[in-house]
Amino acid sequence: MPAKIIDGTAVARAMREELGPRIAELKARGITPGLAAVLVGDDPASHAYVRMKGRACEEAGMYSETIKLPADTPEDKLLELVDRLNADPKIHGILVQLPLPKHINTNRVLHRILPSKDVDGFHPENVGKVSIGDPTGFRPATPYGVQQLLLRSGIETKGAHAVIVGRSNIVGRPMASLLLQDGPGGNATVTVCHSRTRDLPSVTRLADILIVAIGKPKFVTGDMIRPGAVVIDVGVNRVEDPSTEKGYRLVGDVDFEAGVEVASAITPVPGGVGPMTITMLLYNTVQAASQ
Ligand code: NDP
């Protein structure tokens with residue numbers, strides 16, 4: 001029987017509706033949650049992401065500000081901007097869209113954001129809080145979204161063996177922290193794989209829940225998935241497709257057509273993890289405004 005398709009768009013929509021009353025309550029107290037997005041350079045994908053984030057804020061009735069800087073912006077100018085946003089009472093959340101141009105030290109910029117405004121959850125203080133299960137820490141939006149997707153799809157993580165492929169600071173590592181926590185959406189047994197993992201298919205086949213975030217189109221094939229496993233595909237890759245208007249289409253890190261025949265549930269790309277990421281960023285901004 002083909003796998004159940006986990007509809008991230010529907011879950012994200014429902015979660016944004018639930019956020020409505022919390023935003024209204026804050027506004028009644030004179031606080032409009034505000035998000036500032038900083039974009040350096042002209043990477044088209046980054047521009048598209050930031051546009052989507054701004055639009056999502058406005059639709060939710062939140063305040064949003066996008067600051068676009070040229071690619072040759074010196075690091076000290078960017079740090080000055082972060083300082084200004086840190087001090088701005090209208091702004092509760094700051095995100096600096098990655099990747100930054102090579103001449104800028106990404107960590108120096110990310111670490112300059114006040115932990116209380118770091119809604120991307122990349123500041124070491126938030127990384128530490130998430131790792132020890134302190135709920136005041138901001139959970140990075142993508143793994144937070146994956147966890148919510150699992151919870152709201154009725155997928156039990158307690159006692160399950162979750163195998164994560166990819167160990168980035170944005171997805172893989174914080175995903176492992178969240179799944180290890182003692183609480184709903186946690187209590188999994190977690191294995192994290194990376195490019196040096198020996199015999200990857202033999203590890204992925206052990207997964208009850210397989211989460212893939214490596215950035216390689218259709219890398220995970222059907223034979224790497226245990227029959228009946230839940231597959232969460234975080235990857236977003238552009239592949240050429242002359243039959244489409246844009247000349248490309250988006251595919252995940254998992255071969256979806258093969259995966260759907262083996263898994264019990266699977267996320268599509270697009271329409272799986274992607275819509276959840278922006279929703280969780282809104283949640284974090286509301287959390288920042290409430291805190
Ligand atoms: P990174 O490039 O930062 O990390 C990739 C990870 O995959 C690394 O840990 C790397 O291992 C590992 N890896 C690469 N090749 C292999 C391999 N052959 N076998 C095993 N592991 C491998 O990527 P990100 O985590 O930032 O993103 C991953 C994917 O998720 C991308 O497609 C990205 O576009 C997507 N993404 C989607 C989001 C969404 O909202 N849906 C948000 C964020 C990312 P090593 O550390 O050893 O190099």
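Start at 1 and go down the list; that is how both ligands and their atoms are numbered.
Looking only at protein heavy atoms, the nearest one to atom 20 (C) of ligand 1 is His194 O, 3.1 Å. Given atom 24 (P) of ligand 1, the protein heavy atom at minimum distance is Ser168 OG, 3.7 Å. For atom 46 (O) of ligand 1, the closest non-hydrogen atom on the protein side is Arg167 NE, 2.7 Å. In this structure, the protein non-hydrogen atom closest to atom 44 (C) of ligand 1 is Val171 CG2, 4.0 Å. In this structure, the protein non-hydrogen atom closest to atom 36 (N) of ligand 1 is Val234 O, 3.7 Å. Regarding atom 18 (N) of ligand 1, its nearest protein heavy-atom neighbour is Phe219 CZ, 3.3 Å. If you check which protein heavy atom lies closest to atom 47 (O) of ligand 1, you get Ser195 OG, 2.5 Å. Annotation: atom 12 (C) of ligand 1 to nearest protein heavy atom, Ile214 CG2, 3.8 Å.
With hydrogens and angles ignored, the 3.5 Å screen pairs a side-chain donor or acceptor of His47 with a backbone N or O of Gly41. Checking side-chain atoms of Asn126 against main-chain N and O of Pro115 turns up a donor-acceptor pair under 3.5 Å. Thr157 places a side-chain N or O within 3.5 Å of a backbone atom of Gly186 that can act as its donor or acceptor partner. The backbone N or O of Gly159 lies less than 3.5 Å from no partner atom in the side chain of Asn187, so there is not a single donor-acceptor pair. When atom types are taken as modelled, the side chain of Arg205 and the backbone of Asp223 share a donor-acceptor pair closer than 3.5 angstrom. Here the side chain of His103 pairs a donor or acceptor atom with the backbone of Thr73 at under 3.5 angstrom.
Those atoms of ligand 1 that come under 4.0 Å of a heavy atom in Asn237, given as number and element, are 32 (O). With ligand atoms numbered from 1 in the order given, ligand 1 contributes 28 (C), 29 (C), 31 (C), 32 (O) to contacts under 4.0 Å with heavy atoms of Gly215.
Atom 2 (O) of ligand 1 is never approached by the protein to below 4.0 angstrom, counting heavy atoms only.
Hydrophobic clustering keeps Ile170 apart from Val212 (ILVMFWY residues linked when any side-chain heavy atoms are closer than 4.5 Å, directly or through intermediates). Under the 4.5 Å side-chain contact rule for hydrophobic residues, Ile91 and Leu35 do not share a cluster.
Here Lys216 has side-chain heavy atoms under 4.0 Å from ligand 1, and that is the only part of it that gets that close. When non-hydrogen atoms are compared, ligand 1 lies under 4.0 Å from the side chain of Thr277 (C-beta onward) but not from its backbone. Counting heavy atoms under 4.0 Å from ligand 1, residue Thr197 does not touch it at all. Only the side chain of Thr142 comes within contact range of ligand 1, with a heavy atom under 4.0 Å; no backbone atom does.
Side-chain contact annotation: Lys129 with Thr136, donor-acceptor N/O pair under 3.5 Å present. In summary, the side chains of Ser177 and Ser131 do not present any donor paired with an acceptor at a separation below 3.5 Å, with no hydrogens or angles considered.
For Gly172, the closest heavy-atom approach to ligand 1 does not fall below 4.0 Å. Ligand 1 has no atom lying under 4.0 Å from any heavy atom of Cys193.
Gln291 CD: more than 12 foreign heavy atoms inside a 6.0 Å radius.
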